[in-house]
Amino acid sequence: MDMTTSAVWFAIAHVFMFALIFKVARGGITAHPPPRSRPPPPPVVTGTCIVGLLRTLVTKGFREMIQDQYTKLGSVFTISVFGLKTTFLIGPEVSAHFYQGLESDISHGKILEFTVPMLGKEVGYGVDIATRTEQNRFYVDALKPAKLRCHVGSMLQEVEKYFVKWGHQGTADLKQELEQLLMLISARCLLGKEVREQMFDEVFSTFHELTDNSLRLISLLFPYAPLPTTQRRDKARARLSKMFTEVVRSRKSSNRFEEDVLQNLIDSKYKDGRPTTDAEVIGLIIAILFAGKHTSSTTSTWTGARLLNHPQHLESVIKEQQQIVRKYGDNIDYNTLLEMSILHCCIKEALQMHPPAPTFLRKVHTNFTVQTREGSEYEIPRGHTIASPLVISNNIPYIYKDPDVYDPERYGRGREEDKVGGKFCYTAFSGGRHACPGEAYAYMQVKVIWSHLIRNFELKLVSPFPETDWLKVAPEPKGKVMVSYERRPLPI
């Protein structure tokens, strides 16, 4: 899934820095112009220009670095260091092939090689394209609306039980609280009652150790190097595999059926009729845990921080919840969540401003051509890595009016700015062939949490609005996000 690529963008930046040292010593990069009958390659950032680019990266961050090149060179350009050529495609006009291209023409290549020891060689990028495509179908089936409905009750129970401990009033770190709550929801809805009730602490401490050691820079660049981080990662993976194997085999032997994602993966079958193996189920559930935990926890926190920092939009959400309560009482279900359109737009705007991944990446296997909004045509050569930087594409002024202003109403009827420029204006959950199958599940989790909080508490942001920590796998609010709360029933 595309969410996983958020782990590698900063690794590329470091590779640029190391490569520059070697390249300067060897005397620079030589350009080879293409035949005149074909479109030219994109403009290239190389040589001494890299020094300024890296200075911007260090002093201002990734977004400003790419924004500077976008302003100077346009929507298509290449950054070339030590033979590593990364071409950036910014905006919907040049992004169709990135999201729609066939796997034989454009793929993740070796970019996600680091996920194989984390997830297992039986799934994802440890298997061939055909098998991986079928495994993605298992996710789509497990997370389709008809099956998501049964998770709402479990989510509500976890949310209500968790916030009982808040008492009448107090202060809390919203980021930490929501991360812990989403771990509990994941245990209940993805892994099932056995894990939630009997082995929650052990599973998630081991899962944290696995992901922490898998996503260190050295592990991203050299996933099989004989290093302490590699050893800790592999030991955690083995312990997690043992725990999940016991759960899977227990279900199979008892013929017990549970309404959770784990059960769906156990029951899944390939087109030839072959059922999933224990090892495949374990790899698939680790992958969905990894993708879901990072996306939902950061999105929940950013949604809260933005709402509490913009009283007028918070008031609109409160009024919507009042209408829901008058219409349905406390009977919140899947259909009720679908009616929370204002809250949905607030979450969507938080994702637009704080995407789970700064950029998505692909590897080019066959040359292809793009045409910019201004009419310029470029050929992207085979061997290039191509990047779709969400931190820029989701904030283009000719698509989004005042993109740096939190304005959930931009998605409402009559504006719909996310559709103005075509299919790939809004790609927080990727798109096309690579669209994240967990999008509806993520929205549902965040809605359940914030619907409950808004109906039951008066909240205020007491710490400064957080900056973004770009060095995290999924860029998250930096530091604590402190809120004060006072319990109150929502007036009807």
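The figures here come from the full heavy-atom set of this structure, side chains too, leaving out hydrogens, waters and symmetry mates. Remember, it's a predicted structure, so these values are computed and weren't measured experimentally.
A tilted orientation is assigned to the rings of Phe200 and Phe204, their planes being inclined by 30° to 60°. Between Tyr441 and His151, the ring planes lie perpendicular to each other; the angle is over 60°, past the 30° to 60° tilted range. Taking the six-membered ring for Trp and thresholds of 30 and 60 degrees, Tyr406 and His313 have ring planes more than 60 degrees apart, a perpendicular arrangement.
Taken from CG in Leu289 to CE in Met183, the straight-line distance is 10.0 Å, to the nearest 0.5 Å. Taken to the nearest 0.5 Å, the CZ atom of Arg274 stands 7.0 Å off from the OG1 atom of Thr131. Taking CZ of Phe290 as the reference point, atom OG1 of Thr211 lies at 7.0 Å (rounded to 0.5 Å). Atoms CG and CZ, from Leu221 and Arg216 in turn, are 14.0 Å apart once rounded to the nearest 0.5 Å. The distance from the CH2 atom of Trp450 to the OG1 atom of Thr303 is 8.0 Å, given to the nearest 0.5 Å. Here the CD1-CD distance, from Ile392 to Gln67, works out to 4.5 Å after rounding to the nearest 0.5 Å.
No side-chain donor-acceptor contact under 3.5 Å links Glu476 to the backbone of Asp469. A distance-only check finds no donor-acceptor pair linking the side chain of Gln180 to the backbone of Tyr162 [under 3.5 Å]. When atom types are taken as modelled, the side chain of Lys348 and the backbone of Tyr411 share no donor-acceptor pair closer than 3.5 angstrom. For Glu179 (side chain) and Ser297 (main-chain N/O), no donor-acceptor pair under 3.5 Å exists by modelled atom type. A donor-acceptor pair is defined here as one N or O able to donate and one able to accept, closer than 3.5 Å; no such pair exists between the side chain of Lys121 and the backbone of Val127. Here the side chain of Thr359 pairs a donor or acceptor atom with the backbone of Ser388 at under 3.5 angstrom. In this structure, the side chain of Glu320 engages the main chain of Leu343 through a donor-acceptor pair within 3.5 Å. At least one donor-acceptor pair under 3.5 Å links the side chain of Ser393 to the backbone N or O of Gly91. Side-chain atoms of Asp141 do not come within 3.5 Å of backbone N or O of Arg137 as any donor-acceptor pair. The backbone N or O of Leu119 sits less than 3.5 Å from a side-chain atom of Arg237, completing a donor-acceptor pair.
The nearest pair of heavy atoms linking Ala225 to Thr230 is O-OG1, 2.7 Å. Closest approach of Glu158 and Leu184 over heavy atoms only: OE1-CB, 3.8 Å. Nearest heavy atom pair, residue Leu265 against residue Thr276, reads O-OG1, 2.7 Å. Nearest heavy atom pair, residue Val481 against residue Ala305, reads CG1-CB, 4.5 Å. Ala172 and Glu177 get closest at one heavy-atom pair: CB-CG, 4.0 Å. When all heavy atoms of Pro466 and Lys478 are compared, the pair lying nearest together is CB-O, 4.1 Å.
Among Met155, Met340, His452, Lys447, the single residue meeting the side-chain contact (heavy atoms from CB on, under 4.5 Å) criterion with Ile332 is Met340.
Between Thr366 and Ser104, every side-chain heavy-atom pair lies at or beyond the 4.5 Å cut-off. In this structure the side chain of Phe457 never reaches within 4.5 angstrom of the side chain of Val483, judged on heavy atoms. Ile347 is not listed as a side-chain neighbour of Trp302, based on a closest heavy-atom distance of 4.5 Å or more. For the pair Ile185/Ile449, a side-chain contact is recorded, criterion being any heavy-atom separation below 4.5 Å from C-beta on. Within the 4.5 Å cutoff, the side chain of Glu439 has heavy atoms near those of the Tyr443 side chain. Counting heavy atoms from C-beta on, the side chains of Arg149 and Asp333 never come closer than 4.5 Å. Residues His354 and Thr301 have side chains not in contact (no heavy-atom distance under 4.5 Å, counting atoms from C-beta outward). Residues Asn335 and Leu338 form a side-chain contact, since some pair of their non-hydrogen atoms from C-beta on lies under 4.5 Å apart.
Side-chain atoms of Asn136 and Thr133 form no donor-acceptor pair, as typed in the model, at a separation below 3.5 Å. No side-chain N or O of Tyr378 forms a donor-acceptor pair with one of Thr87 less than 3.5 Å apart. For the residue pair His365/Arg382, the side-chain donor-acceptor check at 3.5 Å is not satisfied. A donor atom on one side chain and an acceptor atom on the other are found under 3.5 Å apart for Ser451 and Arg455.
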(message) As a quick check of understanding, evaluate side-chain contact (heavy atoms from CB on, under 4.5 Å) for Ile386 and Phe368, giving each step before the final call.
(response) CA-CA 11 Å; Ile386 52 175; Phe368 69 96; 3.9 Å; yes
(request) Take Phe163 and Asn456 through the side-chain contact (heavy atoms from CB on, under 4.5 Å) test and state the conclusion after the steps. (result) CA-CA 9 Å; Phe163 287 114; Asn456 290 277; over 6 Å; no
(message) What verdict does the side-chain contact (heavy atoms from CB on, under 4.5 Å) test give for Ile90 and Ile66, after you've listed the backbone C-alpha separation in whole Å, the side-chain angles of each residue and the deciding distance to 0.1 Å?
(response) CA-CA 10 Å; Ile90 299 174; Ile66 302 304; 4.0 Å; yes
(request) Take Leu262 and Val248, measure what side-chain contact (heavy atoms from CB on, under 4.5 Å) needs, and give me the verdict at the end. (result) CA-CA 8 Å; Leu262 179 62; Val248 171; 4.2 Å; yes
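Remark: Lys110 NZ is loosely packed, at most 12 non-hydrogen atoms of other residues, nucleotides or ligands lying under 6.0 Å away. More than 12 heavy-atom neighbours from other residues, nucleotides or ligands sit within 6.0 angstrom of OH on Tyr328. Within a 6.0 Å sphere centred on NZ of Lys252, heavy atoms belonging to other residues, nucleotides or ligands number more than 12. Annotation for Glu409: atom CD does not count as buried by contact number, only 12 or fewer foreign heavy atoms lying within 6.0 Å.
The cationic group of Arg410 does not satisfy the cation-pi geometry with Tyr400, failing either the under 6.0 Å distance to the six-membered ring centre or the 45° limit from the ring axis.
A salt bridge does not link Arg196 with Asp260: none of the charged nitrogens is closer than 4.0 Å to a carboxylate oxygen.
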